[in-house]
Amino acid sequence: MAQQTPTPADAPPPGAPTGTPVPAAPASASAPAPAAPAAPGPPRAPLAHIAEALRRERTRLEVSLSELAKRAGIAKSTLSQLESGSGNPSVETLWALSVALDVPFSRLVEPVRTTVQVIRAGEGPAVPSERADYVATLLSSSPPGVRRDLYFLQVEPGSPRESAPHMSGTVEHLVVGAGRVLAGPRDAPVELGPGDYVSYPGDVPHLCEALEPGTTCVMVMQHG
């Protein structure tokens with residue numbers, strides 16, 4: 001019996017006409033390029049500190065979860081989540097709680113810091129608004145014997161940030177760094193540009209509205 005000759009791997013299959021090309025294996029589809037990572041936003045206020053501060057201040061007042069939630073006008077479930085270190089608190093929610101607890105806003109969001117404090121651009125405990133493109137970053141809170149907090153504000157055009165009255169005697173001082181803003185009492189706001197300063201009562205309804213993209217301000221909140 002004649003010995004069979006091995007067929008080369010690239011030879012046509014038996015019975016195929018001479019010269020018929022063997023179909024090439026399909027090229028594998030190239031993998032899509034990975035999406036560019038989203039630009040990081042300002043760091044959120046630490047939830048663990050907010051939770052501890054809320055529990056501490058509520059215990060000081062000797063009020064229940066239900067009672068504090070009622071005073072602040074928020075859902076009991078929302079307050080329960082915040083005290084457990086979860087949830088996603090907005091500046092409106094924390095302001096309402098600070099008023100109900102009769103403490104500065106900063107006491108709920110600022111962690112303990114060393115004597116020398118440096119906050120780089122884009123750092124610091126930041127709390128966004130749920131109703132406007134507005135982020136308040138606490139730079140310095142009231143030390144003992146001083147009744148003022150210092151904030152850096154990033155505001156974009158759109159819905160204004162409307163604030164309910166804060167604690168009695170509160171005064172807000174605002175200096176515009178970039179862009180233009182409409183700020184002040186709700187019934188008599190003023191338009192401000194870079195370098196302009198305004199002070200107004202913070203214990204009446206007031207607003208802050210960006211008129212240009214990239215608006216930034218520094219605000220000093222003086223407590224009564």
Are [X] and [Y] packed together at the side-chain level, in the sense that at least one heavy-atom pair is separated by less than 4.5 angstrom?
{"X": "Arg71", "Y": "Val63", "result": "yes"}
{"X": "Pro205", "Y": "Pro165", "result": "yes"}
{"X": "Cys217", "Y": "Val181", "result": "yes"}
{"X": "Leu192", "Y": "Leu174", "result": "yes"}
{"X": "Val220", "Y": "Val175", "result": "no"}
{"X": "Glu57", "Y": "Ser98", "result": "no"}
{"X": "Asp187", "Y": "Val204", "result": "no"}
{"X": "His223", "Y": "Asp149", "result": "yes"}

Minimum heavy-atom distance [X]-[Y], with the two atoms named:
{"X": "Ala51", "Y": "Gly85", "result": "CB-N, 3.7 Å"}
{"X": "Val109", "Y": "Leu94", "result": "CG1-CD1, 3.7 Å"}
{"X": "Gly87", "Y": "Leu47", "result": "O-CD1, 3.8 Å"}
{"X": "Leu182", "Y": "Pro189", "result": "CG-CB, 3.8 Å"}
{"X": "Pro89", "Y": "Ile50", "result": "CG-CD1, 4.1 Å"}
{"X": "Leu138", "Y": "Ser106", "result": "CD2-CB, 3.6 Å"}

Roughly how far apart are [X] [atom1] and [Y] [atom2], rounded to 0.5 Å?
{"X": "Glu156", "Y": "Ser129", "atom1": "CD", "atom2": "OG", "answer": "13.0 Å"}
{"X": "Ile74", "Y": "Ser80", "atom1": "CD1", "atom2": "OG", "answer": "10.5 Å"}
{"X": "Glu130", "Y": "Thr93", "atom1": "CD", "atom2": "OG1", "answer": "5.0 Å"}
{"X": "Gln81", "Y": "Ser77", "atom1": "CD", "atom2": "OG", "answer": "6.0 Å"}
{"X": "Thr215", "Y": "Gln154", "atom1": "OG1", "atom2": "CD", "answer": "11.0 Å"}
{"X": "Thr137", "Y": "Met219", "atom1": "OG1", "atom2": "CE", "answer": "11.0 Å"}

Is it possible for you to say whether [X] and [Y] belong to one hydrophobic cluster, with membership spreading through side-chain heavy-atom contacts below 4.5 Å?
{"X": "Val190", "Y": "Val155", "answer": "yes"}
{"X": "Val99", "Y": "Met221", "answer": "no"}
{"X": "Leu139", "Y": "Val171", "answer": "no"}
{"X": "Leu61", "Y": "Leu108", "answer": "yes"}

Between [X] and [Y] (side chain of the first, backbone of the second, donor and acceptor by atom type, cut-off under 3.5 Å), is there such a pair?
{"X": "Glu172", "Y": "Gln222", "answer": "no"}
{"X": "Ser159", "Y": "Ala132", "answer": "no"}
{"X": "Arg186", "Y": "Leu207", "answer": "no"}

- Task: Start with the C-alpha distance between His173 and Arg148, add both sets of side-chain angles, then the distance that settles side chain to side chain contact (heavy atoms under 4.5 Å, CB included), and finish with yes or no.
- Result: CA-CA 10 Å; His173 304 264; Arg148 63 99 185 101; over 6 Å; no

- Message: As a quick check of understanding, evaluate side chain to side chain contact (heavy atoms under 4.5 Å, CB included) for Phe105 and Val91, giving each step before the final call.
- Response: CA-CA 9 Å; Phe105 175 87; Val91 70; 4.0 Å; yes

- Item | Note: Glu92-Arg161 ion pair, threshold 4.0 Å (strictly below) | yes

- Evaluate the criterion side chain to side chain contact (heavy atoms under 4.5 Å, CB included) for residue pair Leu101 and Leu54; output intermediate values, then yes/no. CA-CA 9 Å; Leu101 291 165; Leu54 287 172; 4.0 Å; yes

- Using 30° and 60° as the class limits, which term best fits the ring planes of His206 and Tyr200: parallel, tilted or perpendicular?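 Rings of His206 and Tyr200: tilted, 30 to 60°.
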
- Message: Tell me whether the rings of Tyr151 and Trp95 are parallel (<30°), tilted (30 to 60°) or perpendicular (>60°).
- Response: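 Because their plane-to-plane angle lies in the 30° to 60° range, the rings of Tyr151 and Trp95 count as tilted.
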
- Message: Is a donor from one side chain sitting under 3.5 angstrom from an acceptor on the other, for Ser84 and Ser86?
- Response: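 There is such a pair between these side chains.
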
- Query: For Met167, which fellow cluster members are found when Ile, Leu, Val, Met, Phe, Trp and Tyr are connected by side-chain heavy-atom distances below 4.5 angstrom, either directly or through intermediates?
  - Reply: none

- Could you please spell out the steps behind the side chain to side chain contact (heavy atoms under 4.5 Å, CB included) verdict for Arg131 and Glu162? CA-CA 8 Å; Arg131 302 169 189 165; Glu162 296 190 0; over 6 Å; no

